[in-house]
Amino acid sequence: MIGQSPVLAGPDAAGGTLLEARGLTKHFPVGGTRFGGHGVVHAVDDISLSLPAGRITAIVGESGSGKSTLAKLLARLIRPTSGTLALDGRAIRARARAGRGYARRVQLVLQDPFASLNPIHDVRYHLVRPLKLHGIPGSAERGQHRSGALDQAVADLLGRVSLTPPDVFAAKYPHELSGGQRQRVAIARALAVEPAILLADEPVSMLDVSIRLGVLNLLGDLREREGLAIVYVTHDIASARYLADTIAVMYAGRIVETGPAAVVTDQPAHPYTQLLLSAAPDPDRGQPVTLRGRGAPPNLVTPPPGCRFHPRCPHAMLICSQAVPPMAHTGAGHASACWLHDAGLSAAQRAPLTVAAVRSTRSAPPSGAAAPQPPPPHPDDAAEPGKEA
Ligand code: SF4
């Protein structure tokens, strides 16, 4: 179940929900510009989702869409401004400090495998440390017995991420590993505490293209073999289609479309998803997507009113600049937050929004803050019928 509000039950619900978020919101205060003034960055706004066991949910969006902030909120590395989390059906107090119990169930794998491993320690050290910290059976024993138990646990972990022979890899230092092998060590470290949920934040974006597939397949294997609920955060909708069961598309801090991966990528209902797909050609896609995007992502200190995509959307109507579109079901388990799905709009609400009108509807900057500069006119603006240059 994913969206600004509970909108989807879908086939995923059958797996049993492990982690549930309701209305997660994160606003980062900013201020102290040399012109004075303060404001907040609306990084994540009112996101609800459910993560069932044995399913991969991809959070897809361009840089600055809030997808990594959402992953950190789910990992409880940062505290939400509002919203709630429930793990295994038990509510978590939003402002409470994250304890080891939560960290043991929900593990985060970071984007950069070069920075996430300590260069002065070998692989064995990186895997033994979480075992000791979380008191995994065997790690608390003493002497030779303890060392043997830890060696066996390290060998098991390396085997689970296909780094074999384990004794060879356990003795290596990060600089002796390729990027893909480092990311596998990072995943093994996350697996050391036997989590139920793995949050993978752009896990392959810093790897060579030739080794990305191996890491994606490893995540798929962990879903199948170990029944993990996996969140795959990415800007690459093509890899999300390859790996994920469900895709949630984020734009400017909000989820704008969600549904089964094949449906979202074959029949995108939201203009932003169509824009993302147009940037990721897929030879298997039946219908070519022809939408061309305009402009750049918005300033999240002063996000556009209504639909945050309206300054870039070639279908923008008057209502789009005035009210946030609700999630509308467009098929089995498929939903999109777009006014185009509302057949009950009046003719005035459906009036096309010109580029000049888009600029005039931008919200005023907070008191004393410098006004954000509008993006330069896009060449498409002049060429598109019905739009003013
Ligand atoms: Fe475009 Fe309006 Fe739909 Fe937003 S709500 S995507 S501006 S048509």
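Numbering of ligands and ligand atoms starts at 1, following listing order.
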Q: Answer yes if the side chains of Thr25 and Asp46 hold a donor-acceptor pair under 3.5 Å, and no otherwise.
A: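 The answer is no; no qualifying pair exists.
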
Q: Report the C-alpha separation of Ser205 and Gln111 in whole Å, then their side-chain angles, then the decisive distance to 0.1 Å, and conclude whether the side-chain hydrogen bond (donor to acceptor under 3.5 Å, both in side chains) test is met.
A: CA-CA 7 Å; Ser205 64; Gln111 175 180 9; 2.9 Å; yes

Q: Check whether more than 12 heavy atoms from other residues, nucleotides or ligands sit under 6.0 Å from atom CZ of Arg225, and answer yes or no.
A: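 Atom CZ in Arg225 is packed in, count exceeds 12.
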
Q: In terms of side-chain geometry, is the basic nitrogen of Glu226 or Arg160 positioned less than 4.0 Å from the acidic oxygen of its partner?
A: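 A salt bridge links Glu226 with Arg160.
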
Q: Would you sort out whether His235 and Ser63 count as a side-chain hydrogen bond (donor to acceptor under 3.5 Å, both in side chains), showing the intermediate values?
A: CA-CA 7 Å; His235 61 273; Ser63 294; over 6 Å; no

Q: Quick one: do the Tyr232 and Ser239 side chains pair a donor with an acceptor below 3.5 Å?
A: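 Distance-only check passes for Tyr232 and Ser239.
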
Q: With a heavy-atom distance limit of 4.0 Å, tell me whether Pro271 approaches ligand 1 through its side chain, its backbone, both, or neither.
A: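 Only the side chain of Pro271 comes within reach of ligand 1.
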
Q: Any N/O/S atom of Cys313 sitting less than 2.8 Å from atom 3 (Fe) of ligand 1, backbone or side chain?
A: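 So Cys313 does not count as coordinating atom 3 (Fe) of ligand 1.
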
Q: If you have a sec, work out which protein heavy atom is nearest atom 2 (Fe) of ligand 1 and how many Å separate them, to one decimal?
A: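 Nearest protein contact, heavy atoms only, for atom 2 (Fe) of ligand 1 is Cys320 SG, 2.2 Å.
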
Q: For His270, counting its heavy atoms only, list the atoms of ligand 1 lying under 4.0 Å from any of them.
A: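 Numbered from 1, ligand 1 contributes 6 (S).
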
Q: Any N/O/S atom, backbone or side chain, of Cys307 lying under 2.8 Å from atom 2 (Fe) of ligand 1?
A: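 So Cys307 does not count as coordinating atom 2 (Fe) of ligand 1.
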
Q: Within ligand 1, which atoms have a heavy atom of Leu340 less than 4.0 Å away?
A: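 Those of ligand 1 that fall under 4.0 Å from Leu340 are 8 (S).
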
Q: Among protein heavy atoms, which lies nearest atom 3 (Fe) of ligand 1, and at what distance?
A: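 Going atom by atom, the protein heavy atom closest to atom 3 (Fe) of ligand 1 ends up being Cys338 SG, 2.3 Å.
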
Q: Once the angle between the rings of Tyr272 and Tyr251 is folded into 0 to 90°, is it parallel (under 30°), tilted (30 to 60°) or perpendicular (over 60°)?
A: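 Tilted: the ring planes of Tyr272 and Tyr251 meet at 30° to 60°.
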
Q: Under a 4.0 angstrom heavy-atom cut-off, which atoms of ligand 1 come close to His310?
A: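 The list of qualifying atoms is 7 (S).
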
Q: Starting from atom 5 (S) of ligand 1, find the nearest protein heavy-atom neighbour and note its residue, name and distance.
A: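 The answer is Trp339 N, 3.2 Å.
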
